[in-house]
Amino acid sequence: MSKINDFLTEAGTFFLATVDGNQPRLRPLGAHIEMDDKVIFGVGDFKNVYKQLQVNSLCEIVACKKDGHWLRYTGKAVFETDYKAAEAMMEAIPFLKNIYNEKTGNKLMCFHLEEATAVDIPMMGEGESLI
């Protein structure tokens with residue numbers, strides 16, 4: 001998982017694709033941490049992305065680095081049942097505390113991918129599995 005986490009960190013912004021009915025949806029994200037041998041991602045409980053993943057957990061994350069390599073990380077989103085991942089993410093990324101707190105009523109929901117594949121793909125050539 002460290003290779004995936006490191007790739008996402010170097011890329012900075014990455015994109016999460018979900019399904020909304022029969023329409024694909026894509027949005028930029030950046031919040032992630034490595035914890036308990038998993039790459040953990042965070043989304044707000046009030047956002048459509050969270051609702052879409054509740055209905056259909058299949059998703060894909062794509063990130064690109066400046067060197068031309070890109071990552072395709074595909075699997076099923078599994079939400080953490082313990083809030084410790086959200087707390088760890090907010091400690092690692094402090095500005096999230098301004099969005100997710102008792103005053104706003106917003107809750108950070110964290111998930112990881114299971115039944116996943118991850119491939120580091122150079123601009124030209126074959127990809128390398130990271131899992």
Side-chain angles (χ1 to χ4, degrees):
M1 287 298 124
S2 289
K3 287 182 180 180
I4 296 168
N5 189 67
D6 292 348
F7 194 110
L8 294 170
T9 298
E10 186 177 337
T13 301
F14 49 90
F15 295 87
L16 171 65
T18 60
V19 178
D20 184 12
N22 63 354
Q23 179 65 47
R25 298 289 179 196
L26 189 65
R27 80 269 302 145
L29 293 178
H32 68 94
I33 59 171
E34 187 175 1
M35 182 176 173
D36 300 332
D37 295 321
K38 297 181 255 186
V39 179
I40 308 288
F41 303 94
V43 296
D45 67 342
F46 60 96
K47 294 188 173 191
N48 287 335
V49 61
Y50 175 70
K51 296 169 190 163
Q52 291 158 7
L53 289 170
Q54 293 297 303
V55 173
N56 184 344
S57 64
L58 295 176
C59 63
E60 187 164 85
I61 292 168
V62 172
C64 299
K65 295 192 303 185
K66 291 181 181 181
D67 68 2
H69 280 248
W70 58 287
L71 170 73
R72 182 185 300 273
Y73 187 28
T74 306
K76 291 183 179 181
V78 176
F79 282 88
E80 304 298 319
T81 56
D82 186 326
Y83 203 64
K84 72 178 183 171
E87 291 169 347
M89 187 171 292
M90 287 190 283
E91 286 303 314
I93 310 168
F95 82 85
L96 293 175
K97 294 177 186 177
N98 298 327
I99 302 168
Y100 304 103
N101 58 59
E102 288 184 24
K103 185 176 178 181
T104 65
N106 298 329
K107 190 171 181 183
L108 181 63
M109 305 304 290
C110 291
F111 68 94
H112 66 277
L113 299 188
E114 290 189 1
E115 299 177 38
T117 60
V119 182
D120 177 345
I121 305 166
M123 190 179 301
M124 300 296 291
E126 295 295 316
E128 173 192 351
S129 176
L130 298 181
I131 296 179

Could you tell me which residues satisfy side chain to side chain donor-acceptor pair (under 3.5 Å) with [X], sequence neighbours excluded, listed by chain and number?
{"X": "Arg27", "value": "Thr18, Gln52"}
{"X": "Glu91", "value": "Lys97"}
{"X": "Lys47", "value": "none"}
{"X": "Ser2", "value": "Glu34"}

Query raised in the report: Does CG in Asp67 sit with more than 12 non-hydrogen atoms of other residues, nucleotides or ligands closer than 6.0 Å?
Result: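 Counting neighbours around CG of Asp67, more than 12 heavy atoms of other residues, nucleotides or ligands fall under 6.0 Å, so yes.
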
Query raised in the report: When you look at CD of Gln23, are more than 12 heavy atoms from neighbouring residues, nucleotides or ligands closer to it than 6.0 Å?
Result: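 Counting other residues, nucleotides and ligands, CD of Gln23 exceeds 12 neighbours.
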
Cluster link [X] to [Y], ILVMFWY, side chain under 4.5 Å:
{"X": "Met90", "Y": "Phe95", "result": "yes"}
{"X": "Val119", "Y": "Ile4", "result": "no"}
{"X": "Met35", "Y": "Tyr83", "result": "yes"}
{"X": "Val49", "Y": "Phe15", "result": "no"}

According to salt bridge (Lys or Arg N to Asp or Glu O under 4.0 Å), who are the partners of [X], at least two apart in sequence or on a separate chain?
{"X": "Glu87", "answer": "none"}
{"X": "Asp6", "answer": "none"}
{"X": "Asp20", "answer": "Arg25"}

What closest approach, in Å, do [X] and [Y] show between heavy atoms, and which atom pair accounts for it?
{"X": "Ala85", "Y": "Ile40", "result": "CB-CG2, 4.1 Å"}
{"X": "His32", "Y": "Asn5", "result": "ND1-OD1, 2.8 Å"}
{"X": "Pro122", "Y": "Trp70", "result": "O-NE1, 4.3 Å"}
{"X": "Phe7", "Y": "Ala63", "result": "CE2-O, 3.6 Å"}
{"X": "Leu16", "Y": "Ile61", "result": "CD1-CG1, 3.7 Å"}

Query raised in the report: Got a sec, which residues hit side-chain contact (heavy atoms from CB on, under 4.5 Å) with Pro24, two or more places apart in sequence or on another chain?
Result: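 Per chain and number, Pro24 pairs via side-chain contact (heavy atoms from CB on, under 4.5 Å) with no residue.
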
Query - Within residues 42-66 or reaching into it, pairs that qualify as ring-ring contact (aromatic ring centres under 6.0 Å, His included) - sequence neighbours excluded - result: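 Every ring-ring contact (aromatic ring centres under 6.0 Å, His included) pair that includes a residue of residues 42-66, provided the two are not neighbours, is Tyr50-Phe79.
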
In a table with atom names and distances, give each donor-acceptor pair under 3.5 Å that connects a side chain of residues 106-118 to protein atoms at least two apart or in another chain.
residue: Asn106; atom: ND2; partner: Ile99; partner atom: O; Å: 3.1
residue: His112; atom: ND1; partner: Val78; partner atom: O; Å: 3.4
residue: His112; atom: ND1; partner: Glu80; partner atom: OE2; Å: 2.4
residue: His112; atom: NE2; partner: Glu114; partner atom: OE2; Å: 2.8

Query raised in the report: Restricting to pairs with a member in residues 118-131, which pass side-chain hydrogen bond (donor to acceptor under 3.5 Å, both in side chains), not counting sequence neighbours?
Result: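 Every pair satisfying side-chain hydrogen bond (donor to acceptor under 3.5 Å, both in side chains) with a residue in residues 118-131: His69-Asp120.
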
**Report entry** Flag, side chain of Asn101 to backbone of Lys103, donor-acceptor distance under 3.5 Å
**Finding:** yes

Query raised in the report: Got a second to check how far Met124's CE is from Ile121's CD1, nearest 0.5 Å?
Result: 13.0 Å

Query raised in the report: How are the rings of Phe41 and Phe14 set to each other: parallel, tilted or perpendicular (split at 30° and 60°)?
Result: perpendicular

Requested in this report: Begin from the C-alpha positions of Tyr73 and Leu130 and carry the test side chain to side chain contact (heavy atoms under 4.5 Å, CB included) through to its verdict.
Outcome: CA-CA 9 Å; Tyr73 187 28; Leu130 298 181; over 6 Å; no

Query raised in the report: If you group Ile, Leu, Val, Met, Phe, Trp and Tyr whenever their side-chain heavy atoms sit less than 4.5 Å apart, what else falls in with Leu58?
Result: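 Direct or chained contacts put Leu58 with none.
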
